[in-house]
Amino acid sequence: MNRKAKIIIADDSEINRAMLSDILAPDYEVLEAADGEAAVACMEQQHTEIALVILDIVMPKLDGFEVLAIMNRKGWINSIPVIIVSSETSPSYIDHAYQLGASEYINRPFYKVAIRHRIENTVKLHTKQKHLENIVAEQILEKEKSNMVMVDILSHIVEFRNGESGLHVLHIRTITEVLLKQLRSTCSQYDLTPARTALITNASSLHDIGKISIPEEILNKPGKLTKEEFEIIKTHSAIGAQMLEGLTHYQNEELVQVAREICRWHHERYDGGGYPDGLKGDEIPVSAQVVAIADVYDALTSKRVYKPACSHEQAMEMILNGECGVFNPLLLECLKEVGDYLENEVKIRSAGKITRDSIHTLAYDAIHSYNVSDRTLDLLEQERTKYQFYASMTKEIQFEYSYESDTLIISEWGAAQAGVKESIQHPLSDATLLAIFSKEDFCDLRERLQSATPQNPIVSQIYRLTVHGKPRWYKWIARPIWGLDEDAPPTKAIGKLVDNEEEQSTLEKLTLQAQHDDLTALLSRNHAHEEIEERLVNLKENKAALLVLDLDTFKSVNDSYGHSYGDKMLRAFAEKLRKRVRNTDIVARIGGDEFLVYMEYRENIEKLVERIFSTVSGNYDGFEVSVSIGAALAPENGVTYEELFMCADQALYASKHAGKNQWKFYDESMKDILSSDLRNPLNEKKRRTPNET
């Protein structure tokens with residue numbers, strides 16, 4: 001059964017919507033919008049399914065003209081016809097509606113039969129136009145495919161005789177495109193429009209066609225060429241240009257003219273040291289200058305019969321140092337800027353295909369503007385990039401997101417793994433997807449993609465997904481895809497998810513291990529330092545105390561019973577200390593037999609310190625242990641970790657100095673005790689600083 005076509009009726013008058021709905025309901029699926037905003041929201045979600053919009057002019061929030069302007073901006077006006085139905089009869093209103101793309105303007109009051117026929121005629125006319133676009137799309141697809149095939153065949157014939165890699169032409173095109181786009185973003189000197197950039201990139205495929213006339217024994221000679229042989233090789237540039245000049249037809253075609261420039265002059269050098277004509281500077285067309293660098297880079301990084309391949313780093317160094325001839329300084333700067341990106345693009349690019357959606361854009365242009373060919377390569381490259389990226393993935397959850405339709409497409413294997421549908425429209429509001437991938441993480445990924453650039457398109461991040469009810473870590477790797485104008489927002493985003501659970505779990509264990517003391521399982525000194533600093537910064541109404549504890553008799557325990565027994569005592573002491581403090585307190589071992597406690601309080605800190613002191617002192621497996629404690633208070637004694645630790649350390653020393661087995665709060669008099677002791681040459685105890693570990 002055929003589905004009914006959808007029509008939006010946008011009018012703030014409910015009676016007007018009801019009347020039009022009664023007329024159209026038998027043959028169409030009617031969607032109603034009470035204002036301009038609601039009409040736009042409806043098109044945002046379903047514009048690919050809308051056959052017609054019936055629009056009032058005077059409406060709240062957004063009027064009819066504003067809706068038309070949005071439809072123009074988003075490109076919907078090209079695929080959705082609009083009929084204005086309004087009581088406004090002013091010629092300026094009518095003219096403005098037609099200027100904004102309205103197909104019809106009908107005044108109220110109207111006759112039921114008349115408006116029905118005009119709506120039917122508009123929908124039919126639009127349907128016929130879409131059918132015509134489909135026909136033209138097929139023709140364009142075949143034409144562009146044939147053009148690309150012929151260029152590829154010719155260039156690969158040359159490569160076959162030349163003994164070069166079958167990817168040489170593709171590499172030249174990739175490098176040429178990347179350098180031209182960087183040059184275009186850097187300066188306006190060369191008038192590199194997107195169409196011109198695509199044309200030069202396409203023409204670069206023919207740069208070496210003259211080599212078809214060079215003897216194969218010279219082209220594929222494994223050793224060094226003689227002077228005479230090199231002179232023969234050099235003729236290929238002039239021969240290639242002559243071949244294009246000898247074409248019976250198409251001499252005035254821009255592609256042929258640019259290809260001739262590239263063939264003849266891609267071995268010229270900026271200082272005049274190249275061949276065949278010894279051109280200098282910008283006497284050399286920019287198309288040939290760019291292909292010259294691309295040819296040198298690929299020659300260096302590719303294996304040849306006479307040499308092994310260089311690394312990307314070696315090739316960059318040789319070109320930038322002038323070892324391969326002199327190039328335009330502007331282009332060398334561009335090469336430096338795109339170096340890392342270029343290496344990656346050359347690796348992942350391979351032949352792709354154009355999608356039917358993209359070709360429909362070309363079809364519309366062909367019907368309405370008759371100007372298609374200059375844009376073709378860019379659209380082909382856009383789709384090629386997508387398929388290249390997919391080709392580099394195997395057995396992973398792959399996805400594609402369309403910004404225009406707000407639709408997420410997940411690969412068949414990936415959807416089965418995640419337990420979701422392959423196609424999800426409006427993913428941010430899909431309950432099933434959000435049960436797996438949180439809205440917060442989805443928004444974070446979207447922001448990362450929005451901050452990506454054509455020079456740095458790849459983004460990656462680790463997120464936790466709930467797959468089949470179990471949380472697992474996945475690494476996301478994604479990239480946006482731009483259209484013809486890279487300054488415009490991207491049209492799509494593609495990527496993959498890689499299971500990262502094992503690696504992330506190992507990392508978490510290592511992190512947790514680094515944060516704790518191996519012997520006692522208390523926090524390590526460094527991690528306690530960080531946590532205390534953070535607490536002190538956020539200290540508001542509460543006060544805080546920092547305690548430094550030292551076992552008075554621990555040295556004699558080690559001396560009498562050995563280190564194993566000493567370790568056992570330290571573990572027991574740490575366990576007692578942990579049980580005595582609150583969950584919100586921080587407890588750490590800061591070295592040897594010394595420990596640290598940080599606690600926040602409102603009043604009566606003496607009771608808290610006394611409770612800790614009385615708990616940790618006592619008998620340990622038959623051995624009587626005493627403890628000395630020094631305490632410092634915030635904000636009285638300081639507001640940073642270093643200040644409090646220094647004061648608590650001095651208070652601890654005062655406790656030791658006064659006979660051990662006691663606790664003291666820091667006061668100013670303790671500075672004198674410490675200073676006196678430091679001057680005593682018999683002092684056996686080395687004092688600590690807050691940064692010692």
Side-chain angles (χ1 to χ4, degrees), residues 515-517 520 522-552 573-574 576-617 627-678 685-693:
Q515 293 173 352
H516 289 77
D517 171 58
T520 63
L522 297 179
L523 289 180
S524 66
R525 177 170 184 159
N526 288 339
H527 190 66
H529 183 166
E530 293 172 3
E531 284 201 18
I532 293 169
E533 283 281 26
E534 186 175 341
R535 295 271 195 97
L536 288 170
V537 168
N538 298 310
L539 194 65
K540 295 178 182 177
E541 297 178 2
N542 287 348
K543 296 181 179 181
L546 184 70
L547 281 59
V548 179
L549 300 82
D550 183 87
L551 277 67
D552 297 326
F573 180 86
K576 273 193 175 184
L577 187 58
R578 184 191 293 109
K579 288 181 178 179
R580 176 46 58 192
V581 300
R582 301 163 299 184
N583 291 334
T584 56
D585 297 336
I586 295 173
V587 187
R589 182 186 179 205
I590 59 175
D593 59 338
E594 295 175 342
F595 297 80
L596 176 149
V597 175
Y598 171 89
M599 57 179 63
E600 293 180 7
Y601 66 98
R602 289 183 178 271
E603 55 188 20
N604 211 343
I605 182 61
E606 291 84 0
K607 282 189 176 180
L608 293 175
V609 178
E610 178 60 39
R611 184 177 66 184
I612 291 173
F613 174 78
S614 60
T615 301
V616 296
S617 299
V627 178
S628 296
I629 300 177
L633 306 179
E636 294 93 325
N637 305 137
V639 292
T640 67
Y641 174 86
E642 285 80 9
E643 291 170 341
L644 292 176
F645 186 93
M646 186 65 74
C647 291
D649 197 34
Q650 290 174 343
L652 171 64
Y653 186 72
S655 296
K656 293 274 192 183
H657 192 270
K660 303 181 181 180
N661 195 26
Q662 57 186 287
W663 57 270
K664 289 183 180 293
F665 287 113
Y666 171 80
D667 63 54
E668 290 294 320
S669 66
M670 294 175 181
K671 286 183 179 179
D672 299 331
I673 298 173
L674 182 58
S675 300
S676 173
D677 183 76
L678 289 173
K685 184 172 179 65
K686 181 183 177 183
R687 305 310 304 159
R688 301 173 305 275
T689 67
N691 294 321
E692 287 181 350
T693 58

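Not measured: the values here are computed from a predicted model. We use all heavy atoms of the structure for the numbers below, so side chains are in, but hydrogens, waters and symmetry mates are not.
Inter-residue side-chain proximity for Arg535 and Met599 is flagged as unmet; no heavy-atom pair is nearer than 4.5 Å.
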Just list the side-chain donor-acceptor pairs under 3.5 Å for residues 603-614, sequence neighbours left out, or say none.
| unit_1 | atom_1 | unit_2 | atom_2 | d |
| --- | --- | --- | --- | --- |
| Glu610 | OE1 | Trp663 | NE1 | 2.8 |
| Ser614 | OG | Glu610 | O | 3.0 |
| Ser614 | OG | Arg611 | O | 3.1 |

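Evaluation of the ring-ring contact (aromatic ring centres under 6.0 Å, His included) rule for Phe595 yields Phe573 as partners, not counting sequence neighbours. Arg580 is linked by a side-chain hydrogen bond (donor to acceptor under 3.5 Å, both in side chains) to Thr615, counting only residues two or more places apart in sequence or in another chain. With sequence neighbours left out, the side-chain hydrogen bond (donor to acceptor under 3.5 Å, both in side chains) criterion links Ser617 to no other residue. For the side-chain hydrogen bond (donor to acceptor under 3.5 Å, both in side chains) test, no residue two or more places apart in sequence or in another chain qualifies with Glu534. Partners of Ser628 according to the side-chain hydrogen bond (donor to acceptor under 3.5 Å, both in side chains) rule, which considers only residues two or more places apart in sequence or in another chain, are Asp552.
From Arg589, atom CZ reaches atom CG of Leu549 across 13.5 Å, with rounding to the nearest 0.5 Å. Separation of atoms SG (Cys647) and CG (Leu652) is listed at 13.0 Å; rounding is to 0.5 Å. From Ile629, atom CD1 reaches atom CG of Asn661 across 9.5 Å, with rounding to the nearest 0.5 Å. Interatomic distance, NZ of Lys656 versus CG of Asp550, reported as 3.5 Å (0.5 Å rounding). Note: Leu546 CG to Leu596 CG = 4.5 Å, rounded to the nearest 0.5 Å.
Counting heavy atoms of neighbouring residues, nucleotides and ligands inside a 6.0 Å radius, atom NZ of Lys543 does not exceed 12 of them.
When only modelled atom types and interatomic distance are considered, Asp667 and Ser669 share a side-chain donor-acceptor pair under 3.5 Å.
The two residues Ala528 and Ile586 make their nearest non-hydrogen contact at CB-CG2, 4.2 Å.
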